[in-house]
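Okay, so here's the structure we're looking at.
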Amino acid sequence: MYMSTDEVRNAFLKFFESKEHQIVDSSSLVPHNDPTLLFTNAGMNQFKDCFLGAEKRAYTRATTAQRCVRAGGKHNDLENVGFTARHHTFFEMLGNFSFGDYFKEEAIAFAWEFLTETLQLPQERLLVTVYETDDEAFDIWNKKVGVPVDRIVRIGDKEGGKQFESDNFWTMGDTGPCGPCTEIFYDHGEHIWGGRPGTPEEDGDRFIEIWNNVFMQFNRHADGTMEPLPKPAVDTGMGIERISAIMQGVHSNYEIDVFQKLIKATAEVVGHDDLSNQSLRVIADHIRSCSFLIADGVMPSNEGRGYVLRRIIRRAVRHGNKLGAQGVFFHKLVGVLAEVMGSAADELKKQQELVEKVLRIEEENFGRTLERGMVILNDALDALEGKELDGETVFKLYDTYGFPADLTNDVARERDFTIDEEGFEKAMEAQRQRAREAGQFGTDYNATIKVDTNTEFCGYTGTEGSGEISALFVDGEEVSSLSAGDKAIIILEETPFYAESGGQCGDAGTLKTASGLFKVQDTQKLGNAFAHHGELVEGVLAKGDKVEATVDAERRAAIALNHSATHLLHSALREILGEHVAQKGSLVKPDNLRFDFSNLEAVTPAQIKEVERLVNAQVRKNHVIETNIMDIESAKEKGAMALFGEKYDDEVRVLSMGDFSTELCGGIHASNTGDIGLFKITSEGGIAAGIRRIEAVTGEVALDAVEAQNNAYEEKLVEAAKKAKSLEKEIQLLKEKMAAAEGANIMGKVEEISGTKVLVAAIEGADNKNLRTMVDNAKNQVGSGIILIANVAEGKVGLIAGVTKDLIGKVKAGDLVKMVAEQVGGKGGGRPDMAQAGGTDVEALPEALKSVRTWLEERL
């Protein structure tokens with residue numbers, strides 16, 4: 001029976017929904033609140049706290065189609081991708097989970113029913129494995145399901161390894177939940193080489209694992225003790241690519257419908273005809289991981305998740321270059337991917353424009369990186385004394401510059417060199433080991449605080465309430481009572497205190513009884529319990545006491561204003577910058593708010609002003625902030641924005657501010673947008689590649705910020721005015737000095753006409769105010785004579801004439817200036833001894849100055 005990949009996915013989810021499982025959306029590829037994981041690499045990741053007992057949900061059975069990436073950290077398949085039938089950087093894991101509900105018998109029965117009845121796989125093609133000592137699972141398979149003994153394989157501990165080190169025994173870490181596995185294999189047929197699991201030929205491709213049932217049965221302690229869990233759990237996984245290959249009658253995952261469409265599209269964009277080329281498979285795989293990682297907020301960078309993404313992109317681009325791709329091509333496959341992934345691509349479709357832009361920019365940048373890498377590689381080869389390039393250099397080119405080892409080998413071979421492949425692999429293995437160590441769960445399960453009770457939150461409508469103390473903890477240990485001075489965690493059955501979540505910080509306040517006063521400094525979640533962190537400042541408290549709980553109302557109100565403003569900011573950024581903007585984190589505190597979002601470029605000052613204006617316009621509209629409880633599907637139909645990667649219950653709170661903002665939110669908010677008063681952005685900057693951060697303030701804090709800003713501007717204006725006045729004085733002194741120097745320079749032009757000393761000179765760029773000083777200085781130096789100075793500045797002519805008193809009977813300064821001014825498009829006059837004028841015809845000045853000699857000869 002043929003089934004498309006999308007049909008397989010839907011059939012699996014519907015099957016387990018019919019078995020009373022809650023369908024849970026795939027979580028983000030960036031693990032939610034789990035720093036121990038590089039990427040989501042298994043279906044159980046989002047349920048980790050449920051398995052640990054730190055979280056309780058409204059359901060005890062779940063099913064998912066989880067998107068996963070294995071390209072770094074503990075699980076790294078990158079080097080094999082494209083060259084084997086089943087290695088991928090990105091894959092989907094179909095899973096069903098039980099949190100203390102059903103166990104081995106039901107899990108095994110569900111798996112067998114789905115495979116043999118829903119998918120109609122022939123039973124004779126299936127065989128199973130169990131952990132060597134798990135007789136219970138063996139008997140279920142044999143006696144209840146009816147699998148013959150010769151198709152059940154017991155898998156023991158690895159040779160030379162410790163107890164429970166087996167492919168069929170799962171552990172979360174050195175401590176914590178663990179248990180045996182039972183796996184289901186599909187026999188592709190005798191025509192394909194390979195042996196049954198547990199044989200020397202098990203790495204062949206004939207028998208392929210398609211389903212793994214993990215039975216979390218024990219709690220392993222640090223001393224190795226295996227304590228039976230009170231509520232055993234089930235975690236299963238089946239790779240959708242593997243089962244789709246079987247359903248489509250092909251052997252390799254790369255032959256299924258999704259990959260065939262991607263491979264054909266890749267061949268078209270790179271201009272290659274041979275669809276069997278392995279480089280096409282590499283690119284088809286890599287576009288999946290790269291696109292979904294970017295859609296989930298990972299941006300190319302030089303560290304952490306961003307570095308792994310960059311490596312995958314560069315590997316894909318390199319394979320495109322090998323196929324002869326001209327120009328950038330990789331980003332052109334995103335649209336095709338969004339189509340072929342069907343129902344699994346909803347988030348990708350929303351982010352398609354951003355994903356394409358990031359890939360295009362990264363590919364363009366890698367083109368320049370290739371050029372730099374070639375320079376470094378050629379320099380290294382030129383400096384070689386022998387014929388082999390050392391492995392450390394090959395690794396450095398690969399690790400630091402993103403220069404693939406195969407490319408290094410190609411270039412070296414072209415120049416008759418070889419590379420130290422063993423040394424390179426040694427350096428690579430050291431890196432893998434570091435990644436494996438970083439990928440381990442870093443918490444001792446048995447050292448974490450586990451709270452079985454739930455806390456009912458009653459703080460949406462007020463800041464006061466009462467609740468009974470259900471648990472007390474000091475230094476992680478549960479105690480029965482507290483004394484004054486104890487720093488502790490108090491768990492209440494009911495509380496008005498909001499526990500930090502959704503970016504909103506936890507409440508502070510007091511818990512009070514007749515015999516004690518506890519000051520709450522912060523409120524956090526421990527699973528479904530609310531943990532009040534603080535100190536008993538007086539008296540005593542005991543488990544079972546009923547306390548009067550009072551939240552710091554003024555602090556809560558400030559937080560609410562900032563939280564509501566954060567929603568308005570989110571919508572405003574999407575309207576001003578584009579729909580690609582997605583929230584990547586937030587922190588709402590009493591004194592300010594912080595909002596992280598995806599955007600490739602810095603937000604310009606003009607855009608900042610637009611965002612502020614838009615938010616404040618919504619504040620002035622004074623929208624009623626409405627909260628409605630509805631099911632998740634109705635919320636989506638209403639257009640509510642959800643944070644991808646966040647976990648939501650079946651029923652959600654939908655927060656609306658007019659028609660401007662509609663989001664899912666469980667936080668505390670103002671009653672009306674007008675309560676915000678004023679919104680002011682205080683900073684904008686980048687915190688990671690493609691991730692920006694805005695910080696802002698509201699209400700009185702915003703007014704204080706504006707006032708402080710205005711005061712700062714006023715101080716700067718006063719300082720600027722003082723500085724300008726000082727500079728003006730300096731400039732005037734300089735001009736006077738320059739005028740004196742210019743006056744001294746022109747004295748060399750003094751000549752005699754009819755026995756009278758005459759100075760006619762043209763200068764440029766002088767201040768007309770200083771011309772009088774120049775004339776006075778010249779008259780003093782000649783003693784008796786006639787002076788005419790023309791100054792050309794800013795496209796105009798300035799004229800000044802001076803005549804000593806003993807000569808004004810023959811020549812008057814006003815007449816001389818007037819005669820010259822008329823020739824340069826001006827007019828003027830003045831006293832007999834000093835006169836000024838101006839003109840606009842600079843080109844006529846030389847001839848006008850020449851006429852002065854003739855004019856003077858007629859009068860002297």
Side-chain angles (χ1 to χ4, degrees), residues 5-34 37 39-51 55-69 90-99 235-240 258 288-289 291-298 337-338 340-352 355 501-502 582-585 598 629-654 662-666:
T5 303
D6 206 32
E7 288 172 338
V8 170
R9 183 188 303 111
N10 292 330
F12 182 89
L13 295 175
K14 287 179 180 177
F15 172 83
F16 279 100
E17 185 179 35
S18 74
K19 303 297 184 183
E20 301 179 335
H21 288 64
Q22 173 69 46
I23 297 177
V24 180
D25 288 340
S26 171
S27 65
S28 167
L29 288 170
V30 178
H32 181 70
N33 290 336
D34 191 346
L37 284 176
F39 298 117
T40 297
N41 58 28
M44 63 80 63
N45 290 163
Q46 68 166 307
F47 303 115
K48 178 184 171 185
D49 286 345
C50 297
F51 290 125
E55 179 186 0
K56 287 183 174 63
R57 299 196 183 182
Y59 46 84
T60 57
R61 301 182 177 197
T63 183
T64 63
Q66 175 64 51
R67 294 185 285 282
C68 302
V69 163
F90 174 95
F91 61 96
E92 286 184 86
M93 186 64 76
L94 303 172
N96 59 288
F97 309 91
S98 166
F99 315 120
D235 160 26
T236 84
M238 177 169 64
I240 196 171
V258 170
R288 299 211 303 168
S289 56
S291 296
F292 280 103
L293 282 171
I294 294 169
D296 285 358
V298 180
L337 174 65
V340 302
M341 288 297 291
S343 57
D346 291 346
E347 187 64 23
L348 177 60
K349 290 171 184 173
K350 295 177 188 175
Q351 300 284 335
Q352 182 174 335
V355 173
S501 62
Q583 181 174 341
K584 297 302 176 185
S598 56
I629 308 298
M630 59 183 70
D631 64 80
I632 187 71
E633 292 305 318
S634 298
K636 289 178 180 178
E637 289 175 12
K638 186 178 173 67
M641 278 195 294
L643 297 186
F644 186 65
E646 287 281 354
K647 293 175 284 189
Y648 296 102
D649 294 331
D650 289 341
E651 287 197 331
V652 293
R653 297 180 79 241
V654 179
T662 304
E663 292 190 41
L664 303 185
C665 184

Exercise. Do Gln46 and Thr40 have a side chain donor and acceptor closer than 3.5 Å?
Worked result: no

Problem set entry | Reported OG-to-CD distance for the pair Ser598 and Gln583, which is rounded to 0.5 angstrom | 10.0 Å

Exercise. Can you list the residues that meet the ring pair (Phe, Tyr, Trp, His ring centres under 6.0 Å) rule with Phe90, with sequence neighbours excluded?
Worked result: Phe292

Exercise. Do the non-hydrogen side-chain atoms of Val298 and Leu29 ever get within less than 4.5 Å of each other?
Worked result: no

Problem set entry | Contacts of Ser343 that satisfy side-chain contact (heavy atoms from CB on, under 4.5 Å) - sequence neighbours left out | Asp6, Arg9, Asn10

For this session: Under the ring pair (Phe, Tyr, Trp, His ring centres under 6.0 Å) rule, collect the residues that match up with Phe99, sequence neighbours excluded.
Result: Phe47, Phe51

Seminar exercise, completed: Ser289 meets the side chain to side chain donor-acceptor pair (under 3.5 Å) criterion, sequence neighbours left out, with Thr89

Seminar exercise, completed: Smallest heavy-atom separation, Ser26 atom then Arg67 atom, equals OG-N, 3.1 Å

For this session: Not counting sequence neighbours, which residues clear side-chain contact (heavy atoms from CB on, under 4.5 Å) with Arg61? List them please.
Result: Glu20, His21, Asp101, Tyr102, Phe110

Exercise. Between Ser291 and Leu337, is any pair of side-chain heavy atoms under 4.5 Å apart?
Worked result: yes

Problem set entry | For Glu92 against Ala65, the heavy-atom pair lying closest together | OE1-CB, 4.2 Å

Problem set entry | Heavy-atom pair of closest approach, residues Ala295 and Val355 | N-CG2, 4.0 Å

Exercise. What residues form a salt bridge (charged side-chain N to carboxylate O under 4.0 Å, His left out) with Lys19, not counting sequence neighbours?
Worked result: Glu113

For this session: Verify side chain to side chain donor-acceptor pair (under 3.5 Å) between Gln22 and Thr63, making sure each step is shown before the conclusion.
Result: CA-CA 6 Å; Gln22 173 69 46; Thr63 183; over 6 Å; no

Problem set entry | Val24 vs Tyr59 side-chain heavy atoms within contact, under 4.5 Å | yes

Seminar exercise, completed: Residues passing the side-chain contact (heavy atoms from CB on, under 4.5 Å) test with Met93, sequence neighbours excluded, are Cys68, Phe91

Exercise. Going by heavy atoms in the side chains, are Val69 and Asn41 under 4.5 Å from each other?
Worked result: no

Problem set entry | Test item: Arg653 side-chain N/O and Cys665 main-chain N/O as donor-acceptor pair under 3.5 Å | yes

Exercise. What closest approach, in Å, do Gln66 and Ser27 show between heavy atoms, and which atom pair accounts for it?
Worked result: OE1-N, 2.9 Å

For this session: Applying side chain to side chain donor-acceptor pair (under 3.5 Å), name anything that partners Thr236, two or more places apart in sequence or on another chain.
Result: Asn96

Seminar exercise, completed: Sequence neighbours excluded, the answer for side-chain contact (heavy atoms from CB on, under 4.5 Å) partners of Thr662 is Lys638, Ala640, Val654, Ser656

For this session: Please report the C-alpha distance between Leu94 and Val8 in whole Å, then the side-chain angles of each, then the deciding distance to 0.1 Å, and finally whether the side chain to side chain contact (heavy atoms under 4.5 Å, CB included) criterion is met.
Result: CA-CA 10 Å; Leu94 303 172; Val8 170; 4.2 Å; yes

For this session: Starting from the C-alpha separation in whole Å, work towards a yes-or-no answer on side chain to side chain contact (heavy atoms under 4.5 Å, CB included) for Val258 and Arg288.
Result: CA-CA 10 Å; Val258 170; Arg288 299 211 303 168; 4.0 Å; yes

For this session: Output the distance between atom CG (Asp235) and atom CE (Met44), rounded to the nearest 0.5 Å.
Result: 5.5 Å

Exercise. Do you know the tightest heavy-atom contact between Thr64 and Leu13?
Worked result: C-CD2, 3.7 Å

Seminar exercise, completed: Looking only at heavy atoms, the pair that brings Ala338 and Ala345 closest together is O-CB, 3.5 Å

Exercise. For the atom pair CD (Glu347) and CG (Asp25), what is the distance rounded to the nearest 0.5 Å?
Worked result: 10.5 Å

